[in-house]
Amino acid sequence: MLQVNFIRANKQTVLDGLRKRNWQEEELAVIDRIISLDDARKTNQLELDNTLSEMNRISKSIGGLMRAGKRAEADQMKASVGDLKEREKKLKAKADEIKEELDTALYTVPNVPHPSVPSGNTDEDNEVFQAWPNPLPELSGDAQPHWELAKKYNLFSLELGVKLAGGGFPVYMGKGAKLQRALINFFLDEAAAAGYQEILPPHLVNEDTARATGQLPDKEGQMYYVTKDDLYLIPTAEVPVTNIYRNVILEEKDFPIQMTGYTPCFRREAGSYGAHVRGLNRVHQFDKVEIVRIEHPEQSYEALHGMLKHVESILDKLELPYRILRLCGGDLGFTSALTFDFEVYSAAQKRWLEVSSVSNFETYQSNRLKLRFKDGKKKVLAHTLNGSALALARIVAALLENNQTPDGIVIPKALREYTRFDIID
RNA sequence: GGUGACGUGGGUGAGAGGCUGAAACCACCGGUUUGCUAAACCGGCAUACGUUGUUAAGGCGUAUCGCGGGUUCGAAUCCCGCCGUCACCGCCA
């Protein structure tokens with residue numbers, strides 16, 4: 001969430017940012033409300049502190065009297081604390097109430113978009129930041145979408161997933177399963193080569209963890225929740241990996257921090273039906289290799305572009321046609337200041353599929369994470385970033401479709417040392 | 001899952017209702033001494049919020065001894081719940 005002090009000092013910037021996210025004028029009132037709640041918080045806190053201070057003073061003198069054996073005087077002083085206690089109780093209750101209102105209000109405010117974020121409402125207003133320079137692949141008329149190919153070559157089954165779990169849980173088989181494993185290893189090795197330390201985190205996280213990276217309370221409905229143990233299934237490795245640095249104070253020399261992690265990702269994503277969610281296009285469980293960086297604020301945008309280059313290099317090696325979009329204000333994630341999406345062209349479906357989202361959250365996450373670094377004597381919030389490198393399911397969809405030939409599906413050269421087969425037939 | 005022990009600053013560890021935001025030691029930082037290094041000695045060394053101050057240095061207040069409640073004029077210390085660690089038992093890939 002945003003810091004109240006930041007909102008105070010940069011009110012106009014915040015308001016303009018929210019307008020870019022298409023906030024209506026009446027919704028912007030929350031900003032003034034936050035400031036006045038914070039004022040109330042301070043006033044209340046001061047009164048509470050003064051009350052406590054008075055009580056502490058009296059208690060101390062009672063201690064002195066007791067030691068001096070002046071029992072009667074001490075008893076008299078004890079009696080005088082009653083009113084203060086009442087006041088303390090009220091003020092404390094008020095403080096809790098204000099804090100809750102303030103937090104609730106703060107949670108409704110998304111990150112301030114970076115100046116380069118284009119205005120716009122929907123994904124149609126996203127800016128093509130980098131187009132695919134070559135002609136798009138064209139397949140012959142009898143080319144099949146990946147869900148047909150999966151049947152033909154027995155690569156995965158969603159029907160079987162229904163039997164085992166439910167809709168949207170694919171079961172990969174044979175070369176389909178091996179292809180998943182190969183891609184995961186390929187992505188992890190590429191990330192390691194680019195300087196990212198590999199992390200294998202828990203796949204379930206507690207509430208504090210989900211809150212710190214912003215999944216709670218904003219996206220509560222999107223996560224699977226294990227009530228019995230009060231744990232959430234992770235929607236992305238971003239959550240546990242970034243939280244490694246929750247409540248940490250770094251030294252400047254610790255930067256940059258680069259981590260990568262493979263995890264399955266679980267998303268409830270309340271359903272929508274039709275061709276655009278068929279097959280692997282949208283599922284409840286998919287595999288993803290994530291890259292996470294923690295950066296000095298002055299370096300974070302450079303780091304963001306480095307992450308773009310990394311994702312590009314992987315897609316180049318996979319020989320997939322892709323383009324990069326800069327998300328508009330309306331499509332930008334709640335916690336992000338700037339996001340670039342990678343889309344891969346899936347030739348049989350004749351559409352672009354989102355396979356990666358690379359974002360700079362600036363201090364929005366680190367504020368909740370309490371992730372800071374020492375800047376001289378001061379402690380300053382660090383910037384957090386992350387990106388998919390890459391999300392598997394849709395990559396598989398594109399690979400299968402684009403590489404189909406009459407003889408079978410050809411595996412890209414870079415992947416063959418991982419699959420140990422050249423073709424799916 | 002059961003039983004028992006434990007959880008104190010960056011680390012080790014004392015404290016067992018008031019004189020304790022917390023001894024001592026180690027680590028760290030600054031200084032004195034010294035051909036250099038080391039040693040010795042002196043000093044400093046938590047975080048958050050608020051307040052004051054020039055958006056400074058500093059001062060002041062409050063909170064924090066795993067987390068949350070309670071008892072009490074007063075809690076690191078007593079009581080309750082939770083979490084975690086360790087040991088043993090049970091179960092188990």
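A note on names: the letters A, B, ... follow the listed sequences, proteins ahead of strands, and every chain is numbered from 1. What you see is a predicted model; the values in this text were computed from it and never measured.
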Given [N], is OP1 or OP2 found less than 4.0 Å from the side-chain N or O atoms of [X]?
X: R372(A); N: rA48(B); result: yes
X: K379(A); N: rU47(B); result: yes
X: R41(A); N: rC49(B); result: no

_Nearest 0.5 angstrom please: F186(A) CZ to L390(A) CG, how far?_
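F186(A) atom CZ to L390(A) atom CG measures 8.5 Å (nearest 0.5 Å).
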*If you measure from CZ on R326(A) to CG on L332(A), what distance do you get to the nearest 0.5 Å?*
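R326(A) CZ to L332(A) CG: 11.5 Å, rounded to 0.5 Å.
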Rounded to whole angstrom, note down the [atom1] distance from [N] over to [M].
N: rC29(B); M: rU37(B); atom1: P; result: 14 Å
N: rA56(B); M: rU52(B); atom1: C1'; result: 13 Å
N: rC6(B); M: rA16(B); atom1: C1'; result: 15 Å
N: rC42(B); M: rU34(B); atom1: C1'; result: 16 Å
N: rG66(B); M: rU77(B); atom1: C1'; result: 16 Å
N: rG69(B); M: rA63(B); atom1: P; result: 14 Å
N: rC41(B); M: rC26(B); atom1: P; result: 9 Å
N: rG84(B); M: rC28(B); atom1: P; result: 35 Å

*Count the heavy atoms belonging to other residues, nucleotides or ligands that lie under 6.0 Å from CD of E252(A), then report whether that count exceeds 12.*
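Counting other residues, nucleotides and ligands, CD of E252(A) exceeds 12 neighbours.
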Name the pairing partner of [N], where a pair is Watson-Crick or G-U wobble with both distances under 3.5 Å, or state none.
N: rU3(B); answer: rA87(B)
N: rG50(B); answer: rC60(B)
N: rU77(B); answer: none
N: rA23(B); answer: none
N: rU32(B); answer: rA40(B)
N: rC82(B); answer: rG66(B)

Identify whether the distance between the nearest side-chain nitrogen and carboxylate oxygen of [X] and [Y] falls below 4.0 Å.
X: D96(A); Y: K92(A); answer: no
X: K11(A); Y: D32(A); answer: yes
X: E25(A); Y: R19(A); answer: yes
X: D49(A); Y: K42(A); answer: no

Strictly under 6.0 Å, is that where the ring centroids of [X] and [Y] end up?
X: F373(A); Y: F255(A); answer: yes
X: H203(A); Y: F266(A); answer: no
X: H305(A); Y: F340(A); answer: yes

*Tell me, which of residues 92-108 of chain A have any heavy atom that sits under 4.0 Å from an atom in RNA chain B?*
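The answer is none.
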_So if I take residues 223-233 of chain A and measure heavy-atom distances to RNA chain B, which residues fall below 4.0 Å?_
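Those residues: none at all.
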Within this structure, what is the [atom1]-to-[atom2] distance between [X] and [N], rounded to whole angstrom?
X: M55(A); N: rA75(B); atom1: CE; atom2: C1'; result: 13 Å
X: L381(A); N: rA48(B); atom1: CG; atom2: C1'; result: 13 Å
X: M66(A); N: rU72(B); atom1: CE; atom2: P; result: 15 Å
X: K374(A); N: rA46(B); atom1: NZ; atom2: P; result: 11 Å
X: E88(A); N: rG69(B); atom1: CD; atom2: C1'; result: 14 Å
X: D83(A); N: rC73(B); atom1: CG; atom2: P; result: 14 Å
X: K378(A); N: rU55(B); atom1: NZ; atom2: P; result: 13 Å
X: N247(A); N: rA48(B); atom1: CG; atom2: C1'; result: 11 Å

*How do K60(A) and L46(A) order along RNA chain B: which one's closest nucleotide is nearer the 5' end?*
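On the 5' side of the pair lies K60(A).
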*Work out which heavy atom in N243(A) is nearest to a heavy atom in A212(A); give both atom names and the distance.*
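Residues N243(A) and A212(A), closest heavy atoms: OD1-CB, 3.3 Å.
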*Search all heavy atoms of S300(A) against all heavy atoms of H383(A) and return the closest pair with its distance.*
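Of all heavy-atom pairs spanning S300(A) and H383(A), the closest is OG-ND1, 2.8 Å.
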_Does the structure place the NZ or CZ of K175(A) under 6.0 Å from the centre of the six-membered ring of F421(A), at an angle of no more than 45° from the ring's axis?_
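Because its charged atom sits under 6.0 Å from the ring centre and within 45° of the axis, K175(A) does stack over F421(A).
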*Parallel, tilted or perpendicular: which describes the rings of F334(A) and Y364(A), with under 30° parallel and over 60° perpendicular?*
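Aromatic pair F334(A)/Y364(A) classed perpendicular.
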Quick one: which protein N/O atoms are closer than 3.5 Å to N/O atoms of nucleotides 58-67 of chain B? Pair and distance per line, please.
unit_1  : atom_1 : unit_2 : atom_2 : d
rG61(B) : O3'    : S53(A) : OG     : 3.2
rG61(B) : N2     : D49(A) : OD2    : 3.0
rU62(B) : OP1    : N56(A) : ND2    : 3.2
rU62(B) : O2'    : D49(A) : OD1    : 3.1
rA63(B) : OP2    : N56(A) : ND2    : 3.4

